[in-house]
Each structure stands twice: as structure tokens, then as C-alpha cells.
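Beneath this line is the structure, given in C-alpha cells, with notes to follow.
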Amino acid sequence: LTNFKIRMHIKLAGDTEGTPVLTLNPEVYGDPADGKFTVFLEATESALLTTGDIFDIQVSDPTRVWTVCQGSMKILEDVTD
């Protein structure tokens with residue numbers, strides 16, 4: 001992962017335009033050769049998310065973009081209050 005950029009976009013459930021409500025930059029976790037990364041959210045960012053929001057994680061280099069993970073969020077509990 002050392003030669004790639006990692007981005008995570010989250011859009012609201014039901015958003016037909018695909019406009020991200022959040023764009024995050026995951027950080028490499030452990031040895032970059034393992035391909036692991038993690039995402040940190042601030043309380044204000046976490047408060048924007050609801051169950052059903054769609055996330056998309058992409059890895060890119062200067063000429064290519066790969067979607068490595070897509071899915072929908074399931075918010076278990078709001079712990080930001």
C-alpha cells in the first residue's frame with residue numbers, strides 16, 4: 001500500500017446523485033505489505049452517519065482506481081453524545 005492512495009467515500013442512503021457526505025483517508029495499519037488499513041472518525045463525522053448509508057473504499061495510483069470494498073452502514077449505537 002505504500003505506492004497507493006486509499007480513500008473512503010460515504011454517501012447518504014437514498015442519495016441518487018452519489019455525492020459523498022464524508023470523504024475519509026484510511027491509514028495503513030501494521031506492515032504496508034499486508035494491505036491492512038483502518039478509518040478513524042471524529043464525533044462530528046460519526047454523527048452524520050445513519051444505518052443504510054453507503055460506503056465505497058478505493059485504492060488508486062496515478063493511472064488506476066480500484067474499488068476494494070462497498071457496502072451499507074449499520075449503526076449499532078451512537079456513542080458521540
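Along the sequence shown, residues are numbered consecutively beginning with 1. Basis for what follows: all heavy atoms, side chains included, without hydrogens, waters or symmetry-related copies. Model, not experiment: these values are computed from the prediction.
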Transitively linked via ILVMFWY side-chain contacts under 4.5 Å: [X] with [Y]?
X     : Y     : answer
Met73 : Val39 : yes
Tyr29 : Ile6  : no
Met8  : Val68 : yes

Side chain proximity check, Glu45 to Leu24, heavy atoms < 4.5 angstrom: yes
Please list, one pair per line, the donor and acceptor atoms closer than 3.5 Å that link side chains of residues 47-55 to other protein atoms, with sequence neighbours excluded.
| residue | atom | partner | partner atom | Å |
| --- | --- | --- | --- | --- |
| Thr50 | OG1 | Asp53 | OD1 | 3.1 |
| Thr51 | OG1 | Ile75 | N | 3.0 |
| Asp53 | OD1 | Ala13 | N | 3.0 |
| Asp53 | OD2 | Thr50 | N | 2.9 |

For Thr19, give me all partners under side-chain contact (heavy atoms from CB on, under 4.5 Å), at least two apart in sequence or on another chain. Asp15, Glu17
Under the side-chain contact (heavy atoms from CB on, under 4.5 Å) test, residues paired with Pro20 that sit two or more places apart: His9, Thr23
Holding to side chain to side chain donor-acceptor pair (under 3.5 Å), I want the full list of residues that pass it with Asp61, two or more places apart in sequence or in another chain. Thr63, Arg64
What residues form a side chain to side chain donor-acceptor pair (under 3.5 Å) with Ser60, not counting sequence neighbours? none
Restricting to pairs with a member in residues 65-75, which pass side-chain hydrogen bond (donor to acceptor under 3.5 Å, both in side chains), not counting sequence neighbours? Asp56-Gln70
